[in-house]
Amino acid sequence: DLNGLSAPEVLIADNETEAIVEVAADVSAPLGTRTLTVSASAGTAKAEANFRLTVSAPPPELRLAVSPALIVNQGYSNRMTIRIARSGITGPVRVRFDGDLRGISPGEFSADETNTEITAEIHAEADAPVGERTLTVTASAGGVAADTAFRLTVNQVSPELRLAVPSEIRISPGGQN
């Protein structure tokens with residue numbers, strides 16, 4: 001039963017004793033196991049052999065993508081878009097951050113079946129260690145997981161300089177204030 005399958009005819013040269021036949025299943029091929037017969041002939045000689053072929057559903061797949069770098073200033077937050085691609089997976093996808101999370105709070109997120117991207121807000125505490133670190137974003141659903149890394153830079157924020165002045169000062173000629 002070749003329903004949904006294709007296999008080209010192969011010619012074996014006189015000096016060869018074997019060949020490779022690639023069997024392809026298109027998307028309409030029914031799932032399941034079937035017995036196929038391979039036939040060969042040369043002149044009046046003929047041979048046949050049977051084998052079992054199983055067409056199975058592709059395994060579930062989960063992929064994600066993020067920006068390669070994100071900068072957050074101490075005491076502030078920044079946002080990162082996480083793109084999710086899934087195949088053969090139903091239900092929500094959980095997303096979490098791993099790595100050196102000292103002084104930052106990225107949180108944990110969930111994307112329902114209809115979401116292909118979510119926005120994560122990453123907050124750096126005022127005393128978060130300054131510098132670069134590599135964090136990993138991990139998505140998981142239905143026993144399948146995917147991860148990708150990005151570089152997070154926490155910048156130090158200089159103390160603010162503030163001035164307090166009245167909105168108006170009046171002075172007379174020859175006077176001072």
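As a basis for the values below, the full set of heavy atoms in this structure was taken, side chains included, without hydrogen atoms, waters or symmetry mates. Residues: numbered from 1 along the sequence shown.
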Interatomic spacing from CD in Glu9 to OG in Ser39 - rounded to 0.5 Å: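 Atom-to-atom, Glu9:CD and Ser39:OG are 10.0 Å apart.
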Spatial distance of atom OG1 (Thr134) from atom CG (Asp98) [nearest 0.5 Å]: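 Answer rounded to 0.5 Å: 13.0 Å.
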Connected-component partners of Tyr76 among ILVMFWY, side-chain separation under 4.5 Å: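 Tyr76 clusters with Val157.
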Fellow cluster residues of Val137, listed by chain then number, with links counted only when side-chain atoms sit under 4.5 Å apart: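 Members besides Val137, by chain and number: Leu62, Leu64, Val66, Leu70, Val72, Met80, Ile82, Ile84, Ile89, Val93, Val95, Phe97, Leu101, Ile104, Phe109, Ile118, Ile122, Leu135, Val144, Phe150, Leu152, Val154.
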Can you pull out every salt bridge (Lys or Arg N to Asp or Glu O under 4.0 Å) where at least one residue sits in [range]? Sequence neighbours excluded, please.
{"range": "residues 61-86", "value": "Glu61-Arg63, Arg79-Glu121, Arg83-Glu117"}
{"range": "residues 18-29", "value": "none"}
{"range": "residues 132-143", "value": "Asp100-Arg133, Glu132-Arg151"}

Any idea which heavy atoms bring [X] and [Y] closest together, and the distance?
{"X": "Pro60", "Y": "Gly88", "answer": "CB-O, 3.6 Å"}
{"X": "Ser28", "Y": "Gly4", "answer": "OG-CA, 4.3 Å"}
{"X": "Pro92", "Y": "Ser110", "answer": "CB-OG, 3.6 Å"}

How would you list, by chain and number, every residue that makes a side-chain contact (heavy atoms from CB on, under 4.5 Å) with [X], sequence neighbours excluded?
{"X": "Leu53", "answer": "Leu5, Val23, Leu36, Phe51, Val55"}
{"X": "Thr90", "answer": "Glu113"}
{"X": "Asp112", "answer": "Thr114, Asn115"}
{"X": "Ala19", "answer": "Val10, Ile12"}

Listed once per pair and sorted, the side-chain hydrogen bond (donor to acceptor under 3.5 Å, both in side chains) pairs that draw on residues 122-131, sequence neighbours left out: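 Every pair satisfying side-chain hydrogen bond (donor to acceptor under 3.5 Å, both in side chains) with a residue in residues 122-131: Ser77-His123.
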Sub-4.5 Å side-chain heavy-atom contact between Asn3 and Arg34: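 Yes; the side chains approach each other to less than 4.5 Å.
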Residues forming a side-chain hydrogen bond (donor to acceptor under 3.5 Å, both in side chains) with Thr37, sequence neighbours excluded: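 So Thr37 forms a side-chain hydrogen bond (donor to acceptor under 3.5 Å, both in side chains) with Asn50.
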Arg52: partners by salt bridge (Lys or Arg N to Asp or Glu O under 4.0 Å), with sequence neighbours left out: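 With sequence neighbours excluded, Arg52 shows a salt bridge (Lys or Arg N to Asp or Glu O under 4.0 Å) to no residue whatsoever.
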